[in-house]
Amino acid sequence: MIRRHLLITGRVQNVFYRDWMVEQAAALGIDGWVRNRADGSVEAVVAGASELVETLIVRCREGSPASRVAEVIVTPDESGAVYERFEKRATI
């Protein structure tokens, strides 16, 4: 099990990116969350088996059909939080 923090930039808001990511994470059995940020980026924490997390990260770089991803910055998440599902959170 690994956990990663993602910061996704580009045209990723108002293009159903978060909803798409919830679907992708659920299909892979990934836990965590995703939310929009006031600066126009999308932030997420993903947790699960390493190969599944890496698969989701690859998909995040491709993005939803209407999005145009510029960059996905991946860092370890060391928050210690435990997630039981993948959820869409409110914008910060």
Side-chain angles (χ1 to χ4, degrees):
M1 296 289 285
I2 63 170
R3 291 187 332 180
R4 298 292 182 257
H5 177 267
L6 311 179
L7 185 62
I8 302 134
T9 61
R11 184 173 165 232
V12 291
Q13 290 191 14
N14 300 313
V15 292
F16 301 102
Y17 192 94
R18 289 179 302 158
D19 291 326
W20 171 85
M21 192 168 175
V22 169
E23 290 175 3
Q24 298 299 309
L28 292 168
I30 300 290
D31 297 324
W33 53 264
V34 62
R35 67 181 168 200
N36 284 341
R37 295 175 48 95
D39 65 2
S41 66
V42 169
E43 178 181 28
V45 171
V46 297
S50 60
E51 64 275 3
L52 298 175
V53 168
E54 293 302 325
T55 297
L56 182 59
I57 291 169
V58 168
R59 291 181 185 181
C60 286
R61 288 189 170 108
E62 296 168 5
S64 66
S67 68
R68 298 294 174 263
V69 176
E71 184 176 25
V72 178
I73 300 169
V74 180
T75 56
D77 177 68
E78 299 175 5
S79 67
V82 176
Y83 308 105
E84 296 181 10
R85 60 187 168 91
F86 196 86
E87 65 183 18
K88 182 169 72 169
R89 293 188 174 177
T91 300
I92 64 160

- Shortest non-hydrogen contact from V34 toward F86: CG1-CE2, 3.7 Å

- Message: Assigning hydrophobic clusters by single linkage (Ile, Leu, Val, Met, Phe, Trp, Tyr; side-chain heavy-atom cutoff under 4.5 Å), is W33 placed with V12?
- Response: no

- Message: Same cluster or not: V42 versus I73, using hydrophobic residues (I, L, V, M, F, W, Y) connected whenever any side-chain heavy atoms lie under 4.5 Å apart?
- Response: no

- Mind listing the closest non-hydrogen atom pair of V22 and E87 along with its distance? CG2-C, 4.4 Å

- hydrophobic_cluster_shared for I57 and I2, side chain cutoff 4.5 Å: yes

- Are more than 12 heavy atoms from other residues, nucleotides or ligands located less than 6.0 Å from atom CG of D39? yes

- Query: Of the non-hydrogen atoms in T91 and R37, which two are nearest, and what is the gap between them?
  - Reply: CG2-C, 4.1 Å

- Under a 4.5 Å side-chain heavy-atom rule over Ile, Leu, Val, Met, Phe, Trp and Tyr, are V69 and F16 clustered together? no

- Message: Ignoring hydrogens, what is the shortest heavy-atom contact between E43 and I92? Give both atom names and the distance.
- Response: OE1-CD1, 3.9 Å

- Which residues pass the side chain to side chain donor-acceptor pair (under 3.5 Å) test with R59, sequence neighbours left out? Q24

- Message: I'd like to know if the side chain of Y17 and the backbone of C60 have a donor-acceptor N/O pair within less than 3.5 Å.
- Response: yes

- If you measure from CD on E54 to CG on L28, what distance do you get to the nearest 0.5 Å? 12.0 Å

- Query: Taking all atoms of both residues into account, what is the closest heavy-atom pair of M21 and L6, and its distance?
  - Reply: CE-CD1, 3.8 Å

- Query: Just how far is it from atom CD1 of I30 to atom CG of L52, taken to the nearest 0.5 Å?
  - Reply: 5.0 Å

- Query: Should V74 and R61 be marked as a side chain to side chain contact (heavy atoms under 4.5 Å, CB included) after you check the CA-CA gap, both sets of side-chain angles, and the distance that decides it?
  - Reply: CA-CA 11 Å; V74 180; R61 288 189 170 108; 3.9 Å; yes

- Query: Linking I/L/V/M/F/W/Y whenever any side-chain heavy atoms sit under 4.5 Å apart, do V72 and L7 land together?
  - Reply: no

- For S41 and T9, work out which heavy atoms get closest and say how close. CB-CG2, 4.1 Å

- Side-chain touch R4/L56, heavy atoms, less than 4.5 angstrom: no

- Just by distance, with hydrogens left out, do H5 and E78 show a side-chain donor and acceptor under 3.5 Å apart? no

- OH of Y83: more than 12 outside heavy atoms within 6.0 angstrom? yes

